There are 2 protein chains.
Amino acid sequence: MASKATSIDIAYRAGVSQSTVSRALRNSPLVNLETRQRIQAIAKELNYKVDKNASNLRTQNSHTLALLLCEDPTNDDSLINPFFLSMLGSITRATAQQGYDLLVSFQQLSSDWHADYEDSNKADGIILLGYGDYMDYEQKLEKLLAQNTHFVIWGAEHNNKSVLSIGCDNHQGGLIATEHLISLGRRAFAFLGDASSHSPEFRDRYLGHVKALRCAGLPVVQERQISAISTESAGYHAALALIDKGLNFDAIFAASDLIAVGAIRALKEKGYLVPEQVAVVGYDDIPVASFANPPLTTIKQNTQLAGEILVESLLKLIRGQSVSPQLIPTTLVVRSSCGIDHTPIA
Amino acid sequence: MASKATSIDIAYRAGVSQSTVSRALRNSPLVNLETRQRIQAIAKELNYKVDKNASNLRTQNSHTLALLLCEDPTNDDSLINPFFLSMLGSITRATAQQGYDLLVSFQQLSSDWHADYEDSNKADGIILLGYGDYMDYEQKLEKLLAQNTHFVIWGAEHNNKSVLSIGCDNHQGGLIATEHLISLGRRAFAFLGDASSHSPEFRDRYLGHVKALRCAGLPVVQERQISAISTESAGYHAALALIDKGLNFDAIFAASDLIAVGAIRALKEKGYLVPEQVAVVGYDDIPVASFANPPLTTIKQNTQLAGEILVESLLKLIRGQSVSPQLIPTTLVVRSSCGIDHTPIA
DNA sequence: CTGAAAGCGCTTACAG
DNA sequence: CTGAAAGCGCTTACAG
């Protein structure tokens, strides 16, 4: 096996200096057109590629973005939340479209993630993605900030204005989901999902939900809010806990589709008819949503657009351009899990 | 912002040479234990990280693996096959566990993918993943081989013995899926999926299917094999085409879950009862499978294990250790889409 | 056990 | 338009 061609090999064949080769390959107008083309032809012939390590070392930037998936460690290890998988796909595409490479990593496996990437010069910036416990990594964000690391974070808007967050409008999502249920005649609502400041995205969904109730003059019943992380099993258990309380309810707004799907399973096991007795709305529009039984009405987050905006914003940040947090609108996807017009039970 | 600390900064503070710092940070026993610890403490304090570009350039290896997702370009751009998304997740994990980084990329966006990664020294090896048209990239594989690139390919075993392939045992999968249907009394089979050499994985599933029919003394009816790529919509149209032929059939073996889900939709639209009149088995066990209506019986590929084996094998290849192709056994996941004992119709 | 030095393969002022 | 040279931040023989 011949070892890889370097710019020196090309210089030798072309009878020019290595500097000229370097310039020609970057298509510098400084180099005579004919020489440039000759050099490029030789490079192609030798299957030459610029050594990124060398050029990055020299220029001190990597043309690489890092994606850190910070998932709730209580999740089953083998399952990544399908919503994030979808985001991962769109971020991968958007990154490639911008001519950057994408380094992917999971948080749990690297305790020192805040420093691992940019500091080791492998990435110019970081995208943080995850429904983690925000309290947990608040300090890590501080550290990133202190180090002047370029990063964007997916999710709710952040208290600290220096943190650039991009996310879907969770408040609006919670609002329209609930308004839809109200318009169908539902009156007694339960909310399944953590609504504390540990899960700012879920909390915003909850706040939107509460706002819709208030606007409609409906009561907000604390006992019908059951905490749950975003898994099918948490949704299942949250719904069981709700049922156990013996309270009346005719609608469930679940903070995520996985929770909704688990809740539907629990409801059916306990003999409830969905949507006749209990309407259910989820959040995310993961692929499973349309295959649930009944198919799940949900709030769709545009992951395609989200990935693009995330990447674009990070790139702007890296280039020193000004960027501001963005809220991406969500849309209601109506399927049959909320049924049609309903006579209120309470 | 202070610029990043280098080994020289540490050397200065520790009052030793830069060489000693480098050794100490790699925990070399050559360096006096006390000195080593002092240096490591200073490094920690300065939040120092080795510059990977520099060390990679020097050592000529990158501790990075590249994953190339080669998807069928006829797919909807926004959707990645959930099976590959799941593989992506397990590969990401497995790579991190081995202390490597993962670079992710899609084929369509880079015409020159065969050279982009290893040649530019950003990755030590490549994992190729995709239900592409194998004929299409046969030559690209040749090129990879010619360049002595380290790579593993997910999928069917390859004619060229120099290509290391890791995959699930598609033949066995097709066999057990069909045997299961036969055991339930099904006799008139249709196969939905490309069975040509363009899709070696699907073809192996088909061959396993045919073998089971032969063993049971059942006819293999050419007209009931309808080509389809792995999308829900292709499955839908394939099933419609099958129905249009006016042939009798009481079982469908679909080459993938997406095809199966599309086929079920078509069957239901046309008034067929699933599984009463037509039993359906899919392949992959994607998340949607359990939520299909009826829940889909399918062949599960162990993506967790597959990711680990893929990464381990590639790493062995890179280290020059011997590796051989591996076939990962599949398992039958029985749900309700094949129903129970059935009186044959033909 | 430690240091001085070479060199990985580029990019880019500087000089002509 | 082109070349000689410095230098990015490491690792690792080589010499002591």
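Only heavy atoms go into these numbers, but all of them, side chains included; no hydrogens, no water, no symmetry mates. Chain letters run A, B, ... following the sequence lines, proteins first and then strands; every chain starts at 1. None of the values given here were measured: they were computed from a predicted structure.
Between the CZ atom of R38(B) and the P atom of dT2(C) there is a distance of 9 Å, given to the nearest Å. Distance CG (N56(A)) to C1' (dC10(D)): 14 Å, rounded to an integer number of Å. Atom CG of L57(A) is separated from atom P of dC10(C) by 12 Å (rounded to the nearest Å). The separation between I10(A) atom CD1 and dT11(C) atom C1' is 15 Å, rounded to whole Å. To the nearest angstrom, P of dT2(D) lies 10 Å from CZ of R36(A). Atoms CG (L30(A)) and P (dC14(C)) sit 15 Å apart, rounded to a whole Å. Rounded to whole Å, the distance from OH on Y12(B) to P on dG3(C) is 16 Å. With rounding to whole Å, N53(B) atom CG is found 13 Å from dT11(C) atom P.
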Pair S62(A)-N56(A), side chain to side chain donor-acceptor pair (under 3.5 Å): steps then yes or no: CA-CA 5 Å; S62(A) 65; N56(A) 292 343; 5.4 Å; no
Candidate pair T303(B) and S90(B), rule side chain to side chain donor-acceptor pair (under 3.5 Å), full reasoning: CA-CA 7 Å; T303(B) 54; S90(B) 77; 4.9 Å; no
Steps toward side-chain contact (heavy atoms from CB on, under 4.5 Å) verdict (L310(B), M87(B)): CA-CA 10 Å; L310(B) 233 21; M87(B) 287 292 289; 3.6 Å; yes
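Nucleotides dG16(D) and dT12(D), compared at atom C1', are 16 Å apart to the nearest Å.
Nearest heavy-atom pair across A94(A) and V311(A) is CB-CG2, 3.7 Å. For A66(A) against L102(A), the heavy-atom pair with the smallest separation is C-CD2, 4.2 Å.
The side chain of N32(A) approaches dT2(D) more closely than any other nucleotide in the set dC10(D), dC8(D), dT2(D).
For S19(A) and S22(A), the side-chain atoms include no donor-acceptor pair closer than 3.5 Å.
In terms of phosphate contacts, T59(A) brings no side-chain nitrogen or oxygen within less than 4.0 Å of OP1 or OP2 of dT11(C). Between Q60(B) and dG7(C), a side-chain N or O to OP1/OP2 separation shorter than 4.0 Å is absent. Phosphate contact (OP1/OP2 of dG9(D), side-chain N/O of S55(B), threshold under 4.0 Å): absent.
The main-chain N or O of T6(B) is found under 3.5 Å from a side-chain atom of D9(B) such that the two form a donor-acceptor pair. Side chain of T95(A) to main chain of R93(A): no donor-acceptor pair is present (N/O by atom type, distance under 3.5 Å, no hydrogens or angles). For T92(A) (side chain) and L88(A) (main-chain N/O), a donor-acceptor pair under 3.5 Å exists by modelled atom type.
Annotation: proximity of residues 16-27 of chain B to DNA chain C (heavy atom, distance under 4.0 Å) is found for V16(B), S17(B), S19(B), T20(B), R23(B), numbered in ascending order.
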Strand DNA chain C in bracket notation, Watson-Crick/G-U under 3.5 Å with | for pairs to another chain: |||.||||||||.|||
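For the pair V31(B) and S7(A), both in contact range of DNA chain C, the more 5′-proximal nearest nucleotide belongs to V31(B).
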